[in-house]
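Take a look at the structure set out below.
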Amino acid sequence: MTGLDPAKLPRHLAIIMDGNGRWASGQGFARTKGHEKGADTIRTATTECARLGLEQLTLYAFSHENWKRPRAEIAFLMRLLSKFLVRERPTMMDNNVRLTAIGRLDDLPASARKDLDESIAQTAGNNGLNLCLALSYGGRAEIVDAVRSMFEEVAAGTLDPKSIDESSVSARLYQPGRDPDLLIRTAGERRISNFLLWQISYAEIFVTNACWPEFSVDELHAALRDYAGRTRKFGGLVDPRPEAVQR
Ligand code: IPE
Ligand code: IPE
Ligand code: MG
């Protein structure tokens with residue numbers, strides 16, 4: 001009994017999984033322990049989103065800016081990514097989850113990239129939840145990459161600059177598709193940290209103080225219930241009177 005109305009669930013949920021280090025420090029552990037526990041939370045959240053019938057779950061796993069972290073932490077995270085990808089294949093298959101990824105994936109170490117590509121290939125035929133991992137992802141980098149590809153097309157004569165509109169930009173993002181309906185950030189910070197800058201223009205935002213390693217199914221349900229009570233207007237009117245929509 002979750003009290004969730006299936007008609008009021010987000011179709012695309014995006015999460016900034018923050019607070020692994022703070023959770024670990026608070027427990028007297030090394031930061032790495034927080035990352036390990038955080039990987040377990042990914043399985044719990046993914047399984048529940050698949051069970052609820054969400055279309056897409058996009059998780060901010062490693063940012064373009066996270067390369068600034070100490071080398072030992074980066075190396076640990078990349079090994080953990082590989083371990084996670086291999087370990088979770090059976091669970092993803094059992095839950096009909098299709099894995100995808102966004103970001104500058106060529107920046108990943110070769111072994112992690114290979115494990116990622118294998119998991120993507122293995123789950124490609126699944127038609128349930130699309131679990132999209134944002135890896136070496138930056139919202140500005142993504143827009144820069146889209147702009148660069150448009151300039152290349154203009155130079156090649158295959159794109160007319162006068163025809164460029166919002167859909168032209170959207171179509172050149174790492175994974176064109178539905179924008180997130182709900183964005184959750186754990187660990188209390190009220191910032192976007194360069195996540196999906198283009199796509200979240202009208203996302204509903206939910207911030208919880210829970211750190212990612214302690215983000216439970218109950219916490220997820222609380223965010224989904226909160227979302228169900230939101231009124232989305234997209235700049236328009238909720239229940240426009242006929243005269244209000246006339247020009
Ligand atoms: C999020 O947790 C995981 C990554 C960014 C890879 P953090 O590592 O940012 O944890 P805090 O914010 O330092 O607590
Ligand atoms: C955002 O968390 C990136 C991920 C969750 C992967 P950060 O911990 O990197 O963000 P800041 O530095 O607090 O803004
Ligand atoms: Mg952080």
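Counting starts at 1 for both ligands and their atoms, in listed order. Heads up: numbering here begins at 1 and tracks the sequence.
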With a 4.0 Å cut-off on heavy atoms, is M17 in contact with ligand 2?
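The answer is yes, since M17 has a heavy atom less than 4.0 Å from ligand 2.
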Out of curiosity, is H64 lining ligand 2, as in a heavy atom under 4.0 Å away?
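No.
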Where does the angle between the aromatic ring planes of Y60 and F195 fall among parallel (under 30°), tilted (30 to 60°) and perpendicular (over 60°)?
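Ring orientation of Y60 relative to F195: parallel.
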Parallel, tilted or perpendicular, judged at 30° and 60°: which one describes the rings of Y174 and Y137?
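Answer is perpendicular, since the angle exceeds 60°.
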Please check if atom CZ in R140 has more than 12 non-hydrogen atoms from other residues, nucleotides or ligands closer than 6.0 Å.
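It does not: R140 CZ has 12 such atoms or fewer within range.
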Closest protein heavy atom (residue, atom, distance) for [atom]:
atom	value
atom 4 (C) of ligand 1	R69 NH1, 4.0 Å
atom 3 (C) of ligand 1	N20 ND2, 3.5 Å
atom 9 (O) of ligand 2	N66 ND2, 2.9 Å
atom 10 (O) of ligand 1	G21 N, 3.0 Å
atom 12 (O) of ligand 2	R191 NH2, 4.6 Å
atom 14 (O) of ligand 1	R22 N, 2.7 Å
atom 6 (C) of ligand 2	Y60 O, 3.3 Å
atom 13 (O) of ligand 1	R31 NH1, 3.0 Å

I'd like to know if the side chain of [X] pairs up with that of [Y] as donor and acceptor (distance under 3.5 Å, no hydrogens or angles considered).
X	Y	result
Q199	Q175	no
S63	N66	yes
S168	D165	yes
D181	H12	no
R185	S193	yes

Electrostatic pair [X]:[Y] at N-O distance under 4.0 angstrom:
X	Y	answer
E189	R22	yes
E73	R31	yes
D107	R113	no
R172	E153	yes
R51	E48	yes

Is a side-chain donor or acceptor of R43 paired with a backbone partner of A39 at a separation under 3.5 angstrom?
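Checking the backbone N and O of A39 against the side chain of R43, no donor-acceptor pair under 3.5 Å is found.
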Taking S119 for its side chain and L85 for its backbone only, find out whether a donor-acceptor pair lies under 3.5 Å.
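Checking the backbone N and O of L85 against the side chain of S119, a donor-acceptor pair under 3.5 Å is found.
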Does any N or O of ligand 1 fall below 3.5 Å from an N or O anywhere on W23, backbone included?
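Among all N and O atoms of W23, none is under 3.5 Å from an N or O of ligand 1.
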Can you tell me if [X] contacts ligand 1 (heavy atom of the residue under 4.0 Å from the ligand)?
X	value
E189	no
G34	no
A187	no

Could you name all protein N, O or S atoms found under 2.8 Å from the Mg ion (ligand 3)?
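Atoms qualifying: D18 OD1.
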Test of proximity, S193 against ligand 2: N or O pairs below 3.5 Å
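Among all N and O atoms of S193, at least one is under 3.5 Å from an N or O of ligand 2.
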Below 3.5 Å, N or O to N or O, backbone or side chain included: is there any such pair between S63 and ligand 2?
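Between S63 and ligand 2, no N or O pair is found under 3.5 Å apart.
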Indicate if L224 and I205 have the same hydrophobic cluster label, given that clusters are the connected sets of ILVMFWY residues with side-chain heavy-atom separations under 4.5 angstrom.
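As far as the 4.5 Å side-chain criterion goes, I205 and L224 are not connected within one cluster.
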When you look for heavy atoms under 4.0 Å from ligand 2, do you find them on the side chain of F195, its backbone, both, or neither?
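F195 to ligand 2: no contact under 4.0 Å from either part.
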Please list, in number order, the atoms of ligand 2 under 4.0 Å from a heavy atom of F62.
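Ligand 2 atoms under the 4.0 Å threshold to F62: 6 (C).
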So if I count the atoms of ligand 2 from 1 in the order they appear, which ones are less than 4.0 Å from some heavy atom of R185?
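Counting atoms of ligand 2 from 1, those under 4.0 Å from R185 are 2 (O), 10 (O), 11 (P), 13 (O), 14 (O).
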A61 heavy atoms, cut-off 4.0 Å: which ligand 1 atoms fall inside?
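Counting from 1, the qualifying ligand atoms are 6 (C).
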